[in-house]
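All residue numbers in this chain count up from 1 along the given sequence. Side-chain atoms are counted along with the backbone in the values below, which use heavy atoms only and exclude waters and symmetry mates. Atoms within each ligand, like the ligands themselves, are counted from 1 in listed order.
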Amino acid sequence: MKDHRPTIVIAGGGTAGWMVAAAFARFLTGYRLRLIESDQIGTIGVGEATIPQIRLFKDALGIDEDALLKVTDGTFKLGIEFVGWRAPDHRYMHAFGAVGRDVGLIAFQHYWLRARALGVAKPLDAYALNEIAARKGRMHRGGPLTASTIPAMPYAYHFDAALFARMLRNFAEGQGVERAEGKILEVEVSEAGDVAALKLEGERRIDGDFFIDCTGFRALLIEQTLHTGFEDWSHWLPCDRALAVPTALTEPLIPYTQATARAAGWQWRIPLQHRTGNGHVYCSAYMSDDAAAETLLRNLDAPPLADPRPLRFATGRRRQGWNRNVIAMGLASGFLEPLESTSIHLIQSAISRLLQLLPGRTVCDADRREYNRQSDFEIERIRDFLILHYALNQRPEPFWRACREMALPDSLTHKLELFAANGRIVREHDELFTEVGWLQVLIGQGAAPVGYHPLADQIEADELAEYMRTIEALYAREANAMPGHADFIGRHCAAPERAFAA
Ligand SMILES: Cc1cc2nc3c(=O)[nH]c(=O)nc-3n(C[C@H](O)[C@H](O)[C@H](O)COP(=O)(O)OP(=O)(O)OC[C@H]3O[C@@H](n4cnc5c(N)ncnc54)[C@H](O)[C@@H]3O)c2cc1C
């Protein structure tokens, strides 16, 4: 019997394809959902660090957190430590969650800036609960342990990307998503210019009303077929290659990602329950592939479990994420290096945006424009945040000098000027990174505001000093009451012993 439901075809079954399939299966009734992937082509196989919003995604699907971490070899993540970014021997953290406590109308950083000027403030990290807990190797979730005024501690996950995609596949297929295995050989376009069908090897043909391009960097539908165009941002974010390699697990199991600056890029370290993910992101104009591999292997803290896997990319975004009846998600829609672990989040937010603006059988221009407008805003603000990490460095190497000297986007220059004058951080609309995220990276990279909000002068100096001491003591006591990260995992979500599969 002919199926009369509108058909959404998802091309590609990496993290993006299966996230889309799982979410659509959960929320879209009345649609036929089909996904095509090719084992022969495979997936990119990286993407192991997330940000706290990932928890909204698993909640929306009704997936239990501990079950997710068990099957994906997952660990908890309280933030990202940046080692050597400002200068070779310097380190700071972008920890999720609050820094200090706002007072009345004005943000904590104004009090901290004044206290620092008076010589009664510790470094910013003494007032960030997530960072204190992370550095002690602790983990806790749920309400406060020692005082009701302690803020919540947001967290994200590190997980094995392949196991995450497999879990989503089980979920999606269980909810009726039809999977087809095979290479897409041709994309058929209608006279009107829309994508009409995908032709697979074995003379198979998959028709659809609406197509989600999750074919990764190939961008088979959105670019190779519709020639949508790509806005290149490599003049701002010039790293264009990466090498990824797993290593054996080392103790202790830290609850944070590490990003360590190298001569022409940086190296990630992502601890999972049974192995550690590592990679070196670098700029080929300043470092050869051999030198990049040598740098990576020299800086591992355990023996590699496989040969380093090379990846190439261009930073930027598709000119339209939604073009005709095709929406690109994941790597097909654009790429920002994984410095703040934002790619999986961008898939998640694209899914929720599309669910809000879902078309019927025909696509309306206004919906498409709105989708593209929101997507552009989101990725441009994340781009600026990433550029900030490079722009304010004081490192000696030519790559870093060039980063320091580059012309910045106007939107970022405006943010830097606001902060430089009076320590102000303005979060526009619903941009992803919060004021405290910007604050930690600005201070971490060495930005030094001249002034602060005048209302911070209203409090007496000794009261201010006492306020700083109280917050520091409260947060330190709270972190000390938390269990260790490895113990916490052992108690709640230990993965079964799994031999590492390269
Ligand atoms: C170096 C690096 C590190 C990263 N680290 C992080 C991180 O820590 N955190 C994070 O959030 N993100 C990270 N990312 C991004 C993350 O890996 C991706 O966003 C995520 O994996 C989604 O990839 P994808 O599904 O779009 O593409 P892919 O994994 O490449 O999947 C593409 C799919 O399309 C299929 N396909 C392609 N062509 C065809 C065809 N002709 N016929 C049939 N099927 C086809 C493939 O078989 C595959 O199933 C990183 C990316 C890179 C490059």
Task: Residue of the set Thr250, Thr257, Asn278 for which side-chain hydrogen bond (donor to acceptor under 3.5 Å, both in side chains) holds with Arg269 - done: Thr250
Open item on the list: Just to check, does Gly182 reach to within less than 4.0 Å of ligand 1 when the distance is taken from its heavy atoms?
Closed with: yes
Open item on the list: Using a 4.0 Å cut-off to any heavy atom of Ala16, which atoms of ligand 1 qualify?
Closed with: 22 (C), 24 (P), 25 (O), 26 (O)
- [ ] List the closest protein heavy-atom neighbour of atom 45 (C) of ligand 1: residue, atom name, distance to the nearest 0.1 Å.
- [x] Ile41 CD1, 3.8 Å
- [ ] Heavy-atom distances under 4.0 Å are what count here, so tell me which part of Leu220 touches ligand 1: side chain, backbone, both or neither.
- [x] side chain
Open item on the list: Below a 4.0 angstrom heavy-atom separation, can you tell me which part of Leu311, side chain or backbone, both or neither, approaches ligand 1?
Closed with: side chain
- [ ] Report the residue from Asn372, Ile222, Asp376 that forms a side-chain contact (heavy atoms from CB on, under 4.5 Å) with Arg318.
- [x] Ile222
Open item on the list: Pairing donors with acceptors under 3.5 angstrom, does anything connect the side chains of Glu48 and Trp268?
Closed with: no
Open item on the list: With the threshold set at under 4.0 angstrom, would you say Gly279 reaches ligand 1 through any of its heavy atoms?
Closed with: no
TODO: Indicate yes or no: does Arg319 engage Glu231 in a salt bridge with an N to O separation below 4.0 Å.
DONE: yes
- [ ] Run the numbers for me: atoms of ligand 1, each under 4.0 Å from some heavy atom of Cys214, listed by number.
- [x] 32 (C), 33 (C), 34 (O)
Task: Gly42 touching ligand 1 at heavy-atom level, < 4.0 angstrom - done: yes
